[in-house]
**Student:** 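Sharing a structure with you now.
In this text, all values refer to a predicted model and were calculated from it rather than measured experimentally. Residue numbering restarts at 1 for every chain, and letters A, B, ... go by the order of the sequence lines.
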There are 2 protein chains.
Amino acid sequence: MQKTLCQSCILQSDAAIKLIKNQLNELTDHCSRVEFKPGEIIFKENAISTNVVYIQRGLVKIHTDNFSKDRILRLTKAPSYLCLPGVLGDSINRFSATTIEPTLACFIDIHVFKKFILENGDFAYQIILALSQNEIKSFQVSLNLAQKQANGRVADALLYFAREIYNSQAFMLPFSRQELGDWMGISRESVSRILGEFHSAHIIYQNGKEITILNEELLEQISQKG
Amino acid sequence: MQKTLCQSCILQSDAAIKLIKNQLNELTDHCSRVEFKPGEIIFKENAISTNVVYIQRGLVKIHTDNFSKDRILRLTKAPSYLCLPGVLGDSINRFSATTIEPTLACFIDIHVFKKFILENGDFAYQIILALSQNEIKSFQVSLNLAQKQANGRVADALLYFAREIYNSQAFMLPFSRQELGDWMGISRESVSRILGEFHSAHIIYQNGKEITILNEELLEQISQKG
DNA sequence: CGATATTTGTGATATGTATCACATAGCCAC
DNA sequence: GTGGCTATGTGATACATATCACAAATATCG
C-alpha cells in the first residue's frame, strides 16, 4: 500500500471530478492504493469492511459461494466503485470481489466517503447515477437468466466480452468453461458443447481460451431469441 | 391529481425527512398525488418521463414485456421511490410499473428531485442507501433464478409474500398463477402443480388465491435447497 | 340469470440441460 | 522427461420443466 495524491489518481472518475480541492486532499490522507494480479481477492463476503473500493484500472468479478457453488453475479470494469451496498448498509460485505485482470484499487475510508456524499451534492449525484445504471443492468441480467436458454446466455456472454470489455471481435476469454457456467447459470459441459456448436457453425472461432466472433449478427439473433 | 402539502404527506420516507422546510414547500409546488386501483398502470416502459414517483402507500410491480412475454422484475412496497434509473439516466422508462394493491403515488418533477440531491446531502445519502439495498436484493434475485429449481422459487415467492409484504402466514395471493410464473420465470402449469404438491404435503393450504403457510420451516428448507 | 371469457388443474409428451463417466489435453513441479 | 493435477471435450442417461391438449372451475358482463 502507498499513499497517493488523489488529485491525479482519481480524476478519471466522474464522481471524483466533482470533489473540490480540499476534499481531494482529505481523500489523499484516507486512501490507499493496492495493485492486484489476476485471480487475487480484493475482499471476501461476510468479512467486515470499513472501506469503499474504487477500481481505477482493471477488471473484477463480484461473486458469492453462498450455496456451496460459486456464482458470479457481475463483472465490473474500471472505473467504478465497489462495495457500496454492503458497507453503506451494515459494513458486512455481501459478496466477494476477485480480480480477473491486473487491477489497481483504491481503498477509501467509509466515513470520508460518506462525508463527501453529505457535503458534495455533485459527487452524490454521480454516485446515484452509477447505482441507477447498475440497477438497469441487474434487471437485464435477471431477464436473461429467467427466460433465455443456455445457447442464448453463452451468446450473451461472448457479446458482452467483445463489446463491453475488450472492444474487439477477438479476445482471450478470461474465464474457464467452469467460470463461464458459474456466471451464466449453466454447467461447464453445456458451455463446452455450446461453444463447440458455435465453432462448427462458424459463428465463432475457438481455440482454448482464444475466441473470435465470426458472425456477430447471428450471435446477436441467438442472444435475442434465447 | 391534487396538490398536497408535502410536509405531512411524505414524512414517512427516510429520504424526505431529511428535506428542510423550504425544500418541502418547493416540493409541494412540484408534486402531484394520484390514487390508483389495483391493476392500473403508473407508467409504461419506453415512455418518456420527467418525474420521479414516490410510492406513499400500496404495492407495485415493476415489469417488462420486452420479449413479447411479460416478466415481473420486482415488487415494491411503500414507501419507496420508483423510476430513478430510467429518469435520471436518459428520461426514458426502462420498465413498466403497475399497481397490485390500492396505491397512492406522488409524482415529483425530476428537476426538483435533482436539485434536492445536489443541495441536501442527507437526502442524497438516503437515496444512495435505498439504491444500495436494491442492488443487494437484485443479486439475491439473480442467485435464485440462476440456481434454484421451480419448487424452490415458488417456496421463495410464498415466503416473500408472508414475510415482506403481508407479515402473516395467511394471505390472499395478489397474483394469478400466470403472474407468479412470470415473476419466478416458470410456466403457469408448473406453478399450479407445485402449489398442488405443497398443499398435498400439508406445507401450505391453498384455496384459489387464498394461501396459508402451514409449515414455514419446511418451506424455508425447500427454498434453501432449491 | 345465463352466456362468455378467463383462470386453473392435470395428464401425456417433447425438449433442454444436468449429471455421470470417461478420455484427452495441457500445465506445473520435481 | 515423468507423474500428478486441472481443464476440457463428448457420449449416454436421467430428470425437470415446458408445451400441448383439454376439462373444470370461476369470474365477468350484458
**Student:** Is the closest side-chain heavy-atom distance between F107(A) and I42(A) below 4.5 Å?
**Tutor:**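 A side-chain contact under 4.5 Å exists here.
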**Student:** With respect to the phosphate group of dT7(C), does any side-chain polar atom (N or O) of K209(B) fall under 4.0 Å of OP1 or OP2?
**Tutor:**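 For dT7(C), OP1/OP2 do not have a side-chain N/O of K209(B) under 4.0 Å.
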**Student:** Q147(B) CD to dT19(C) P: how many Å, rounded?
**Tutor:**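 Taking CD of Q147(B) and P of dT19(C), I get 11 Å after rounding.
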**Student:** Below 4.0 angstrom, N of the basic side chain to O of the carboxylate: do E35(A) and R57(A) qualify?
**Tutor:**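 Judged by the 4.0 Å cut-off on N to carboxylate O distance, E35(A) and R57(A) do form a salt bridge.
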**Student:** Whole angstroms only, please: what is the CG-P distance between L173(B) and dT8(C)?
**Tutor:**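 Going from L173(B) (CG) to dT8(C) (P), I get 9 Å.
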**Student:** By salt bridge (charged side-chain N to carboxylate O under 4.0 Å, His left out), which residues pair with R163(B), not counting sequence neighbours?
**Tutor:**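 Residues passing salt bridge (charged side-chain N to carboxylate O under 4.0 Å, His left out) with R163(B): E216(B), E220(B).
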**Student:** Detail all sub-3.5 Å separations between protein N/O atoms and N/O atoms belonging to nucleotides 16-20 of chain D.
**Tutor:**
unit_1	atom_1	unit_2	atom_2	d
dT17(D)	OP1	A150(B)	N	2.5
dA18(D)	OP1	S187(B)	N	3.4
dA18(D)	OP2	S187(B)	N	3.3
dA18(D)	OP2	S187(B)	OG	2.9
dA18(D)	OP2	S190(B)	OG	2.5
dT19(D)	O4	R193(B)	NH2	2.9
dC20(D)	N4	E189(B)	OE2	3.3

**Student:** When the distance from CD of E197(A) to C1' of dT10(D) is rounded to whole Å, what number comes out?
**Tutor:**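 Computing the E197(A):CD to dT10(D):C1' distance gives 12 Å.
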**Student:** In this structure, how many angstroms lie between the P atom of dA25(C) and the CZ atom of R177(A), rounded?
**Tutor:**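 It is 16 Å, rounded to the nearest whole Å.
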**Student:** CG of N207(B) versus C1' of dA27(D): gap in Å, rounded?
**Tutor:**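 Rounding to the nearest Å, CG of N207(B) and C1' of dA27(D) are 15 Å apart.
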**Student:** Looking at V154(A), L173(A), I72(A), which one forms a side-chain contact (heavy atoms from CB on, under 4.5 Å) with L180(A)?
**Tutor:**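 Answer to the side-chain contact (heavy atoms from CB on, under 4.5 Å) test with L180(A) among V154(A), L173(A), I72(A): L173(A).
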**Student:** For Y160(A), which of F175(A), W183(A), F171(A) qualifies under ring pair (Phe, Tyr, Trp, His ring centres under 6.0 Å)?
**Tutor:**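 Going through the options one by one, the only one that passes is W183(A).
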**Student:** In whole angstrom, give the distance that lies between atom CZ of R153(A) and atom C1' of dG16(C).
**Tutor:**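 Value for this atom pair: 11 Å.
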**Student:** Please find out if less than 6.0 Å separates the ring center of F95(B) from that of H63(B).
**Tutor:**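 No, the ring centres sit 6.0 Å or more apart.
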**Student:** If I take atom CZ in residue F198(A) and atom C1' in nucleotide dG9(D), what distance separates them, rounded to the nearest angstrom?
**Tutor:**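 Rounding to the nearest Å, CZ of F198(A) and C1' of dG9(D) are 17 Å apart.
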**Student:** Taking atom P of dA25(C) as reference, at what distance in whole Å does atom CD of E210(A) sit?
**Tutor:**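 Rounded to whole Å, this separation is 18 Å.
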